[in-house]
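One structure is given here, and the rest of the page talks about it.
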Amino acid sequence: MTLQQEIVGNAMQMAVVNLRPGQTVYCEAGKFLFKTANVTMETRLSGPSGGGGQQQGGSGGMGGLLRQAMGTAMQVGQRMLAGESLAFQYFTAQGGEGTVGFAGVLPGEMRALELDGTRAWFAEKDAFVAAESSVEFGIAFAGGRTGMSGGESFILEKFTGQGTVIIAGAGNFIDLNPADFGGRIEVDTGCVVAFEEGIQYGVQRVGGLNRQGIMNAVFGGEGLSLATLEGNGRVILQSLTIEGLANALKKAQGGDKQGPTGGLFSTHAG
């Protein structure tokens with residue numbers, strides 16, 4: 001069933017979720033804002049794929065409990081490796097309808113994605129905000145060579161199942177389909193927010209090891225790689241990169257100051 005939610009605000013958006021009696025939504029720790037008094041809050045290490053939005057009983061005896069514990073440990077290990085929050089917070093409306101508010105951690109937009117069970121969605125690390133308990137949260141790896149050469153988005157969040165998942169990013173969003181642009185688009189690695197299953201994600205070097213390639217890397221401000229997205233499906237990009245925001249804050253505080261090169265070289269004050 002679709003989650004009843006409304007995304008409000010401009011520069012720093014929030015999602016206001018209306019829960020039906022007994023309905024559960026979960027979020028990554030640190031994304032919760034407010035709730036009505038009849039909404040219970042519970043923090044768990046297990047994600048929905050390892051226990052769902054509801055507590056599981058002791059069915060299966062000691063073997064069932066052991067399998068559940070091992071599944072939870074594997075999930076926690078994956079999230080730890082990915083640098084994600086180790087726990088989820090679950091919110092359930094009791095005795096009537098309830099309201100919960102969530103937000104991302106950076107100035108920017110939010111988006112509600114509807115999963116119908118036929119296609120998964122992949123998102124950049126830390127994009128996840130909240131989802132129905134029927135949506136499973138997992139960690140996906142883009143592949144050793146792809147991720148290591150790109151430096152970003154090596155570890156992705158993966159959402160499967162049916163229901164609503166809410167994501168957040170920095171700056172403004174734009175929705176594109178590579179099929180509308182000859183089947184392939186190339187973007188800054190920090191601009192990718194999310195994409196549908198079926199889109200092929202990769203990383204390529206900016207030019208070759210020649211004069212122009214070196215100029216792109218040193219003076220272009222893009223580093224050595226670009227993300228490539230190919231296929232027919234929905235892609236969401238953001239206008240502000242975390243690296244760009246961090247550099248702007250450092251400059252404002254008198255810390256790292258990028259010179260005219262703007263790319264590989266920077267100078268340190270003091």
Side-chain angles (χ1 to χ4, degrees), residues 7 9-15 27-33 79-86 102-111 122-129 139 141-142 146-157 166-174 176 185-195 201-207 209 211-229 235-270:
I7 294 176
N10 297 305
M12 186 70 185
Q13 293 188 321
M14 69 177 73
C27 75
E28 187 177 46
K31 305 292 178 69
F32 163 73
L33 291 180
R79 295 200 298 271
M80 182 182 297
L81 180 63
E84 299 278 0
S85 169
L86 298 185
F102 304 101
V105 296
L106 294 172
E109 287 196 42
M110 302 180 72
R111 187 67 55 84
F122 297 89
E124 68 167 348
K125 191 167 72 73
D126 295 327
F128 172 67
V129 175
I139 300 296
F141 297 89
T146 296
M148 294 301 290
S149 63
E152 297 183 54
S153 296
F154 171 50
I155 298 172
L156 300 170
E157 298 173 337
I166 301 171
I167 60 172
N172 295 122
F173 287 173
I174 183 172
L176 299 174
I185 55 176
E186 301 172 355
V187 302
D188 184 295
T189 53
C191 288
V192 180
V193 178
F195 54 90
Y201 170 83
V203 175
Q204 71 171 23
R205 293 196 178 277
V206 181
L209 296 177
R211 181 178 178 276
Q212 187 55 56
I214 295 173
M215 290 287 285
N216 286 339
V218 175
F219 295 99
E222 303 300 331
L224 295 172
S225 304
L226 287 176
T228 63
L229 297 156
V235 172
I236 301 175
L237 305 179
Q238 62 188 7
S239 62
L240 177 64
T241 68
I242 296 178
E243 181 182 8
L245 178 61
N247 286 336
L249 292 175
K250 287 179 182 179
K251 290 174 69 176
Q253 294 171 353
D256 288 357
K257 299 186 191 307
Q258 286 192 341
T261 56
L264 298 180
F265 300 121
S266 63
T267 58
H268 295 266

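Computed from heavy atoms alone, side chains included, the values below leave out hydrogens, waters and symmetry copies. In this text the structure is predicted, and so the values were computed from the model without any measurement.
Interatomic distance, CG of Leu156 versus CD1 of Ile139, reported as 8.5 Å (0.5 Å rounding). In this structure, the separation between CG on Asp188 and CG on Leu226 is 7.0 Å, given to the nearest 0.5 Å.
Considering only residues two or more places apart in sequence or on other chains, Leu240 meets the side chain to side chain contact (heavy atoms under 4.5 Å, CB included) condition with Ala170, Leu245. Residues satisfying the side chain to side chain contact (heavy atoms under 4.5 Å, CB included) test with Ala123, not counting sequence neighbours, are Ala127, Glu157, Phe159, Ala194.
For the pair Leu229 and Leu237, the minimum side-chain heavy-atom distance is below 4.5 Å. Contact check for Ile167 versus Arg111: side-chain heavy atoms found under the 4.5 Å cut-off. Using a 4.5 Å heavy-atom cutoff, the side chains of Asp126 and Val105 are not in contact.
Between Phe195 and Tyr201, the ring-plane angle classifies as parallel under the 30° and 60° cut-offs.
Formation of a donor-acceptor pair under 3.5 Å by the Ser239 side chain with backbone atoms of Asn172 is found in this model. Side-chain atoms of Glu109 come within 3.5 Å of backbone N or O of Phe173 as a donor-acceptor pair. A donor-acceptor contact shorter than 3.5 Å links the side chain of Gln13 to the backbone of Met110.
The nearest pair of heavy atoms linking Ala168 to Val129 is CB-CG2, 3.6 Å. In this structure, Thr228 and Glu186 approach most closely via the heavy-atom pair CG2-CG, 4.1 Å.
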